[in-house]
Structures are given as C-alpha cells and as structure tokens.
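For reference, the structure discussed in these notes is given below.
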Protein chains: 2
Amino acid sequence: MARGKVQMKRIENSVHRQVTFCKRRSGLLKKAKELSVLCDAEIGVFIFSAHGKLYELATKGTMQGLIERYMKCSRGAQPEPAAIETQPDMVISLNYTAKYLD
Amino acid sequence: MARGKVQMKRIENSVHRQVTFCKRRSGLLKKAKELSVLCDAEIGVFIFSAHGKLYELATKGTMQGLIERYMKCSRGAQPEPAAIETQPDMVISLNYTAKYLD
DNA sequence: ATCTATGTATAAGC
DNA sequence: GCTTATACATAGAT
C-alpha cells in the first residue's frame with residue numbers, strides 16, 4: 001500500500017501483523033458500512049483474530065437476525081423466496097427488475 | 001473516489017447503485033480475504049442485496065462452521081450474551097438447517 | 001496515536 | 001467489461 005507493497009502472505013513479524021490487523025480490520029468494517037448505506041444492502045461481518053478474539057458488524061438489526069436470514073437464504077441455495085423480503089411499498093417494476101440485476 | 005467524491009447516502013440512481021454494488025462488493029470480499037491471509041484471521045461476510053440475493057465469504061471452512069464458532073464466542077464477552085438463551089426457536093432452526101448444509 | 005508517501009479502490013465515462 | 005483520473009487506504013516511520 002503505502003511506502004512499499006505488501007506480499008499476500010501471513011506477516012511473520014508479530015508486531016507488524018498486529019498493527020496491520022488493527023488498521024485493516026477498521027478499514028474493512030468501514031467499507032462494509034459504506035456498501036450497506038450506498039447500495040441499501042444488509043451486511044454481516046465477523047472476524048476472529050488469530051488469538052480468538054471476536055470483532056463483528058451487523059449493518060441492520062443484530063447479527064442474530066442476520067444469521068437467521070442467512071440460514072433461510074442459504075438453505076434453498078438457488079430460488080430464494082424473495083417475495084418474503086419484498087418491501088410492501090416497493091414498486092412493481094423494481095420487483096420485476098430484481099431478478100435480472102442482482 | 002475517482003472522478004468525483006461520493007456522498008455517504010443511498011445512491012438514488014438505480015443503475016449507478018447497481019454498478020457500485022457490484023464493484024464495492026467485490027472490493028469488500030477481496031479486502032476480507034487479504035486481512036485473513038495477512039493476519040491469520042478467520043473471517044465471515046454475508047451480504048444481502050436490496051432485493052434479497054445473498055453473497056457470502058468464509059475464509060476458512062464453511063460459513064456454518066464460522067457461525068457456530070460465532071455463537072460460542074458471542075455468548076460470553078460480546079454484545080448480545082443472552083440472545084441464544086432467549087431465542088430457543090433459532091437454536092432449533094440452526095440444528096434443522098445443519099442437516100441440509102453438510 | 002499521528003504523519004505522509006505510495007499503492008489501491010473505484011466513479012465516471014467508454 | 002475496460003480505461004483513466006481521483007479519492008481513499010495504509011505501510012513504514014515517528
């Protein structure tokens with residue numbers, strides 16, 4: 001990134017690794033929030049550090065709620081019953097377009 | 001970002017929003033993979049588009065495995081310690097779903 | 001934690 | 001999808 005590229009492999013120096021973990025974790029969560037806001041998406045992120053500490057982000061509601069929703073979506077895999085998620089005030093043209101845009 | 005800053009609010013133009021969603025979703029998942037490799041972290045990400053389509057990433061093993069680990073960690077020191085105990089329905093749902101996702 | 005030179009991500013435009 | 005000009009993220013130093 002700055003002042004030197006980085007190799008895409010585990011950073012061996014533990015101090016460097018820890019510093020990079022803090023910086024990039026923060027950057028990742030920021031990007032997730034931005035994507036959620038800009039594109040009206042619902043995002044869940046969880047990160048376990050190498051030592052097992054948990055960091056998480058749920059852009060709407062709770063992580064529990066997102067996990068439940070994830071379970072429903074991933075179960076059917078292909079044809080998600082998207083009608084369930086449809087907002088009542090969403091215009092018909094959007095619903096029609098949806099399957100072609102995602 | 002490039003050729004113009006972006007306001008941190010929902011992109012109203014649906015074409016722009018869709019394009020940005022694709023690009024940033026891809027960027028977010030890439031960043032997650034990098035953080036995982038560089039810092040030896042285990043990361044789970046799931047993204048629901050505005051129309052309910054699911055995109056996911058689990059840097060090690062399966063999302064199921066990460067969710068199980070998340071449950072254990074979040075029970076103790078993280079945000080919603082009592083969530084699992086107060087939502088028996090979800091635990092059943094998890095067990096049920098697991099059979100179909102192996 | 002703060003700074004800053006540089007590498008990346010990406011908004012617009014093809 | 002590809003290109004290009006910019007905004008942003010961040011490695012290394014402090």
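Note on naming: letters A, B, ... go to the chains in the order of the sequence lines (proteins, then strands), and numbering restarts at 1 for each one.
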In a table with atom names and distances, give each donor-acceptor pair under 3.5 Å that connects a side chain of residues 18-37 of chain A to protein atoms at least two apart or in another chain.
from    : atom 1 : to      : atom 2 : distance (Å)
A:Thr20 : OG1    : A:His16 : O      : 3.0
A:Arg24 : NH1    : B:Glu34 : OE1    : 2.9
A:Glu34 : OE1    : B:Arg24 : NH1    : 2.9
A:Ser36 : OG     : A:Ala41 : O      : 2.9
A:Ser36 : OG     : A:Thr59 : OG1    : 3.4

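Counting non-hydrogen atoms of neighbouring residues, nucleotides and ligands closer than 6.0 angstrom, the CD atom of A:Glu12 exceeds 12 such neighbours.
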Legend entry - Reading 5' to 3' through nucleotides 8-14 of chain C, protein heavy-atom contacts under 4.0 Å coded B for base, S for sugar-phosphate only, - for none: SSBBBS-
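Residues B:Ile43 and B:Val45 share a closest heavy-atom pair of CG2-CG2, 4.0 Å. Taking all atoms of both residues into account, the shortest heavy-atom contact from B:Ser74 to A:Gln64 is OG-NE2, 4.3 Å.
In this structure, the CD atom of A:Gln7 is 13 Å from the C1' atom of D:dA11, given to the nearest Å. A:Met8 has its CE atom 13 Å from the P atom of D:dT10, to the nearest Å. Put simply, CG on B:Leu35 is 15 Å from P on D:dA9, counting in whole angstrom units.
Applying the side chain to side chain contact (heavy atoms under 4.5 Å, CB included) rule to A:Arg3 yields no partners; only residues at least two apart in sequence or on another chain are considered.
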